[in-house]
Chemist: 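Once you've had a glance at the structure underneath, I'll fire off some questions.
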Amino acid sequence: MADLLFPHIDKTPEYYEGKYPQRQLPEGAKVTRVAPSPTGFIHMGALYAAVIPERMAHQSGGVFFLRIEDTDKKREIEGGVSEIVKSFAHYELKFDEGMTGETTEKGIYGPYKQSERKEIYQTFAKMLIEKGLAYPCFCSEEDLNEIRAKQEELKQNPGYYGQYAKHRNATFDEIKSELDKGTGFVLRLKSPGKPENRIVIDDLIKGEVEMPENDQDIVLLKSDGIPTYHFAHAIDDHLMRTTHVIRGDEWLSSAPIHVQLFEILGWEKPRYAHVPPVLKMEGTSKRKLSKRKDPEAAVSYYSEQGFPVESVREYLLNLINSNYEEWRMENPTDQNTEFIVDLSKMGTSGALFDLVKLTDISKDRIALMSANKVYDLALQWAQQFDIELAEQMRNNEAYTRAILGIERGGDKPRKDIAKWSDVKGYLGYFYDNWFEEYTKEGYEFPENLPNSDVLEVLEAYKNTYNKADDKDTWFERAKTAAEGLGFARDAKTYKKDKESFKGHIGDFMSVIRVAISGRKNTPDLYELLDIMGEERLQARFEKAIKSI
RNA sequence: GGCCCAUUGGUCAAGUGGUUAAGACACCGCCCUUUCACGGCGGCUACAGGGGUUCGAACCCCCUAUGGGUCACCA
């Protein structure tokens, strides 16, 4: 009968067992994979779920590979594989084997695209038929609907099993006659399971989960000869010698099927780890991040916003193991790959994706980067997403690098930038042409000072500033100048006796700050003045004076 | 509905029979201060509910509630 169903299959399971030998890896090395369908962009949830197996493999000296599960041609999109490869590469997930492009791959356990593995699946399917563990089912969709309707009526479990498995015990002649008629068929598993038997899945994340044994005669091969997920999973992960199947927890409930498949095939089972989904807040309740409903969950969104890859990885690691944060505090400058991910420390219930936390983590990361690194990464981003900024940065390279170095590198670095799209707002006023634009409507000098005082301050300071001063000298000089115009040297003095002063040093500085930057808040004024250079300062002072 | 999983502050979460129930983010206040940012200090707010077991329960058991997943020739 096997030959009748699959006459073209001439290889044997042994052939493939030989072709894909056991991997020679050190003790404890894990072989893991990520196996997405090419159905669209990669979203945060998928990235999250991919980081885990990647870490498990690489931190154990094992192998991590990318397999494409394209057995559903209806849902596939064009360029889907490239999109996946590109997204994972961008987030520094390094695959040792698997797809490297739409049609290219590396590794000796391939093909890594399921649609290319039809013969392999059918070889094993043929064997199962020979052993009486699988059989063709000729039911039409209508037949199946009928069965389900009946089951619903009787309040029984829906599905194709036991007494409802119409073709389970068909004779050779019955099958042959259907085949001769040209009736299409799917290949079903002849499940030996009984639901009253309980099995235990020892899940690396969820712990021991007890479930009823599978008794469904699930579809192994669809009518087009392509396998379902279940069958492909068993065949592929066995032949590719996967040791740890780490996947979304939506698979947990079909794990009994998978366990059964491995048992029937006589293979050693992989360890399983079912990772909880990343959630999103919707109204007052949480729900799983959805590719279809949440376009903002696409990883490309975070690239466009300019969150550094490092920050996103950092945040994800933080969700994976909450002790990551502790580790990071102790090892602020280590690569995040130094952290050891521990599956048993993972939360079992699914975490909300928190943009605020990502932002905070990202600020910390960027604060620790050198000015040059910030420049390079920001420019790289700008070239793709903000051409104007990129030009500005390139045209004023040394200047920009200096600006980015303000208050950087010390014990208390600034944290103004969480993502590259913040850069423009942070330093835009340094560039003269943008400064012109920003101050078109005039300046916002401190409200408590009359224009005459503002003018006085500007006139006085224009000639006071000396680029050669070190910071203390500079500040002293400013204080003295302020005092000369009737300002208090410090805020405390002013508070004690407000009547005697026009304001305090803060007000004085504020005037200067607004005049040269067009805004009330800036990084340290001393550094700012220093970087801008005397020529630019004089020009800006003149401009401000004229505006009053 | 069946089967599974989950439920500690607004969020991420430590915690596995005896804790003043950590920490981080957010928020609020104060301090530092040339503004901002940083930093420091302090505050806010939590064991879903009910029964057991126990000298003692966030931790163990049962029930309920809520949320999630899954029950396809989709993955």
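Proteins get letters first, then strands, A, B, ... in listed order; numbering begins at 1 in each.
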Chemist: Could you give the distance separating B:rG52 and B:rC27 at their C1' atoms, to the nearest angstrom?
Modeler: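 Taking atom C1' in both B:rC27 and B:rG52, they lie 40 Å apart.
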
Chemist: To the side chain of A:M329, which of B:rC36, B:rC74, B:rG23 is closest?
Modeler: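 Nearest to the side chain of A:M329 among the choices is B:rG23.
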
Chemist: What's the closest nucleotide to the side chain of A:D354 if the choices are B:rU34, B:rU11, B:rA75?
Modeler: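 Among the listed nucleotides, the one closest to the side chain of A:D354 is B:rU11.
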
Chemist: Under the side-chain contact (heavy atoms from CB on, under 4.5 Å) rule, collect the residues that match up with A:K357, sequence neighbours excluded.
Modeler: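 Testing A:K357 for side-chain contact (heavy atoms from CB on, under 4.5 Å), a comparison that skips the adjacent residues, returns A:Y315, A:N318, A:E325, A:D354, A:I361.
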
Chemist: Taking only residues two or more places apart in sequence or in another chain, which ones pass salt bridge (Lys or Arg N to Asp or Glu O under 4.0 Å) with A:R365?
Modeler: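 A:E310, A:E314.
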
Chemist: Can you tell whether the side chains of A:K502 and A:D507 come within less than 4.0 Å, N to carboxylate O?
Modeler: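 No, this pair does not count.
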
Chemist: Say you pick atom P in B:rA57 and the same atom in B:rG49; how far apart are they, in whole Å?
Modeler: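 It comes out at 15 Å once rounded to the nearest Å.
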
Chemist: Between atom CD1 in A:I77 and atom P in B:rC74, what is the gap in whole Å?
Modeler: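 In whole Å, B:rC74 P lies 19 Å from A:I77 CD1.
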
Chemist: Hey, does A:R188 reach any base, or is it just sugar-phosphate, or nothing, if we go heavy atoms under 4.0 Å?
Modeler: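 If one applies the 4.0 Å heavy-atom cut-off, A:R188 turns out to touch the sugar-phosphate alone, with no base involved.
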
Chemist: Using the P atoms only, state how far B:rC38 lies from B:rA26, rounded to an integer number of Å.
Modeler: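 About 8 Å, rounded to a whole number of Å.
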
Chemist: A:F353 CZ to B:rA13 P: how many Å, rounded?
Modeler: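 One finds 13 Å between P of B:rA13 and CZ of A:F353, rounded.
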
Chemist: Go through residues 220-227 of chain A and report each residue with a non-hydrogen atom lying under 4.0 Å from RNA chain B, sorted by number.
Modeler: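 Within residues 220-227 of chain A, the residues near RNA chain B are A:K222, A:S223, A:P227.
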
Chemist: In the structure I gave you, are the side-chain heavy atoms of A:R188 and A:L220 within less than 4.5 Å of one another anywhere?
Modeler: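 Not in contact.
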
Chemist: Pull out every stem in RNA chain B, meaning runs of 3 or more consecutive Watson-Crick or G-U wobble pairs with both distances under 3.5 Å.
Modeler: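 So the stems come out as B:1-7 with B:65-71, B:10-12 with B:23-25, B:27-31 with B:39-43, B:48-52 with B:60-64.
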
Chemist: In whole Å, measure the gap between the P atoms of B:rA22 and B:rG43 for me.
Modeler: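 Taking atom P in both B:rA22 and B:rG43, they lie 12 Å apart.
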
Chemist: Looking at A:D217 and A:K190, is there a salt bridge between them, counting it only when a charged N and a carboxylate O are closer than 4.0 Å?
Modeler: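 No, this pair does not count.
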
Chemist: Look at all strands and tell whether A:F475 reaches a base, only sugar-phosphate, or nothing, counting heavy atoms closer than 4.0 Å.
Modeler: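 Base: the residue A:F475, judged by heavy atoms under 4.0 Å, touches a nucleobase.
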
Chemist: Should the ring pair A:Y461 and A:F508 be called parallel, tilted or perpendicular, given that the plane angle runs from 0 to 90° and is split at 30 and 60?
Modeler: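 Aromatic pair A:Y461/A:F508 classed perpendicular.
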
Chemist: On RNA chain B, nearest-nucleotide positions of A:K479 versus A:S254: which is more 5'?
Modeler: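 Looking at RNA chain B, the more 5' nearest nucleotide goes with A:K479.
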
Chemist: Starting at atom CG of A:N157, determine the distance to atom C1' of B:rG1, rounded to an integer number of angstrom.
Modeler: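 To the nearest whole Å, that distance equals 10 Å.
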
Chemist: Is there a salt bridge (charged side-chain N to carboxylate O under 4.0 Å, His left out) between A:K181 and A:E178? Walk through the geometry before answering.
Modeler: CA-CA 5 Å; A:K181 275 193 281 181; A:E178 286 292 343; 3.5 Å; yes

Chemist: Output the rounded distance in Å from CD1 (A:I218) to C1' (B:rC74).
Modeler: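 Taking atom C1' of B:rC74 as the reference, CD1 of A:I218 is at 14 Å.
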
Chemist: Are A:K206 and A:I201 packed together at the side-chain level, in the sense that at least one heavy-atom pair is separated by less than 4.5 angstrom?
Modeler: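 A side-chain contact under 4.5 Å is absent here.
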
Chemist: Just checking, A:R540 and A:F435: is the charged tip under 6.0 Å from the six-membered ring centre and within 45° of the axis?
Modeler: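 Yes - A:R540 lies over the ring of A:F435, closer than 6.0 Å to its centre and within 45° of its axis.
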
Chemist: Find the distance A:L358:CG to B:rA24:C1' and express it as a whole number of Å.
Modeler: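 Answer to the nearest Å: 14 Å.
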
Chemist: Going through the checks in order, is the ring-ring contact (aromatic ring centres under 6.0 Å, His included) test met by A:W251 and A:Y229?
Modeler: CA-CA 10 Å; A:W251 291 110; A:Y229 171 87; 3.7 Å; yes

Chemist: Across the strands shown, which category fits A:L352 at heavy-atom distances under 4.0 angstrom: base, sugar-phosphate, nothing?
Modeler: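 Since only primed, P, OP1 and OP2 atoms lie under 4.0 Å of A:L352, the category is sugar-phosphate.
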
Chemist: Using the ring of each side chain (for Trp, its six-membered ring), is A:Y161 parallel, tilted or perpendicular to A:Y164, with breaks at 30° and 60°?
Modeler: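 Perpendicular: the ring planes of A:Y161 and A:Y164 meet at over 60°.
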
Chemist: Go through the structure and list residues passing side-chain contact (heavy atoms from CB on, under 4.5 Å) with A:D416, not counting sequence neighbours.
Modeler: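 Checked A:D416 against side-chain contact (heavy atoms from CB on, under 4.5 Å); matches are A:R414, A:Y426.
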
Chemist: At 4.0 Å (heavy atoms only), tell me whether A:V186 reaches a base, stays on the sugar-phosphate, or touches nothing.
Modeler: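 Contact class for A:V186: base.
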
Chemist: Centres of the A:H504 and A:F487 rings: under 6.0 Å?
Modeler: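 Ring centres of A:F487 and A:H504 not closer than 6.0 Å.
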
Chemist: Which pairs of donor and acceptor atoms, one on a side chain in residues 38-45 of chain A, lie under 3.5 Å apart (sequence neighbours left out)?
Modeler:
residue: A:T39; atom: OG1; partner: A:K291; partner atom: NZ; Å: 3.2
residue: A:H43; atom: ND1; partner: A:G45; partner atom: N; Å: 3.4

Chemist: Distances for protein N/O vs nucleotides 27-29 of chain B N/O pairs under 3.5 angstrom?
Modeler:
none

Chemist: Among residues at least two apart in sequence or on other chains, which ones pass salt bridge (Lys or Arg N to Asp or Glu O under 4.0 Å) with A:D334?
Modeler: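 By the salt bridge (Lys or Arg N to Asp or Glu O under 4.0 Å) rule, A:D334 matches no residue at all.
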
Chemist: For nucleotides B:rU7 and B:rA14, find the distance between their P atoms and express it as a whole number of Å.
Modeler: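 My reading of the P atoms in B:rU7 and B:rA14 gives 10 Å.
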
Chemist: Using only modelled atom types and a 3.5 angstrom limit, is any donor from either the side chain of A:K471 or the base of B:rU34 paired with an acceptor on the other?
Modeler: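 Present.
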
Chemist: May I ask you to decide if the ring planes of A:H233 and A:F262 are parallel, tilted or perpendicular, using 30° and 60° as cut-offs?
Modeler: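 A:H233 and A:F262: perpendicular rings.
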
Chemist: How many Å lie between CG on A:N323 and C1' on B:rG23, as a whole number?
Modeler: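 Taking CG of A:N323 and C1' of B:rG23, I get 12 Å after rounding.
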
Chemist: Which of these nucleotides, B:rC25, B:rA24, B:rA72, is closest to any side-chain atom of A:E325?
Modeler: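 That would be B:rA24.
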
Chemist: Decide yes or no on salt bridge (charged side-chain N to carboxylate O under 4.0 Å, His left out) for A:R33 and A:D237, but give the supporting numbers first.
Modeler: CA-CA 9 Å; A:R33 93 283 120 117; A:D237 283 316; 2.4 Å; yes

Chemist: A:E326 has an atom CD; how far is it from atom C1' of B:rA22, in whole Å?
Modeler: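 Distance, rounded to whole Å: 10 Å.
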
Chemist: Using the test side-chain contact (heavy atoms from CB on, under 4.5 Å), find all partners of A:A544 that sit at least two apart in sequence or belong to another chain.
Modeler: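 For A:A544 the side-chain contact (heavy atoms from CB on, under 4.5 Å) partners, ignoring immediate neighbours, are A:Y443, A:F445, A:L458, A:A515.
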
Chemist: Does A:T71 place a side-chain N or O at less than 4.0 Å from the phosphate oxygens OP1/OP2 of B:rA75?
Modeler: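 So the side chain of A:T71 is within the cut-off, an N or O lying under 4.0 Å from OP1 or OP2 of B:rA75.
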
Chemist: What's the gap between B:rC41 and B:rC32 when it is taken at their P atoms, as a whole Å value?
Modeler: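 One P to the other, the span is 15 Å.
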
Chemist: Quantified in whole Å, what is the P atom distance between nucleotide B:rC63 and nucleotide B:rG2?
Modeler: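 To the nearest whole Å, 13 Å.
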
Chemist: May I ask you to say what A:S510 touches in the nucleic acid, namely base, sugar-phosphate or nothing, with a heavy-atom cut-off under 4.0 Å?
Modeler: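 No contact.
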
Chemist: Taking the side chain of A:K288 as its heavy atoms from C-beta onward, which of B:rG69, B:rG2, B:rU34 lies nearest to it?
Modeler: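 In terms of side-chain proximity for A:K288, the closest of B:rG69, B:rG2, B:rU34 is B:rG69.
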
Chemist: Considering only the C1' atoms, how many Å lie between B:rU70 and B:rG29, rounded to the nearest integer?
Modeler: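 49 Å, rounded to whole Å.
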
Chemist: Check nucleotides 37-46 of chain B for protein N or O atoms closer than 3.5 Å to its own N or O atoms and list the pairs.
Modeler:
residue: B:rA37; atom: O2'; partner: A:K415; partner atom: N; Å: 2.9
residue: B:rG39; atom: OP1; partner: A:K415; partner atom: NZ; Å: 3.0

Chemist: B:rU70 P sits how many Å from A:Y229 OH, rounded?
Modeler: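 Result: 13 Å.
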
Chemist: What protein N or O atoms touch nucleotides 3-5 of chain B N or O atoms at under 3.5 angstrom, if any, and at what distances?
Modeler:
residue: B:rC4; atom: OP1; partner: A:R198; partner atom: NH2; Å: 2.7
residue: B:rC5; atom: O2'; partner: A:K206; partner atom: NZ; Å: 3.4

Chemist: Holding to side chain to side chain donor-acceptor pair (under 3.5 Å), I want the full list of residues that pass it with A:D411, two or more places apart in sequence or in another chain.
Modeler: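 Checked A:D411 against side chain to side chain donor-acceptor pair (under 3.5 Å); zero matches.
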
Chemist: Indicate, yes or no, whether a donor-acceptor pair under 3.5 Å links the base of B:rU34 to the side chain of A:R513.
Modeler: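 In this structure, the two groups form a donor-acceptor pair.
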
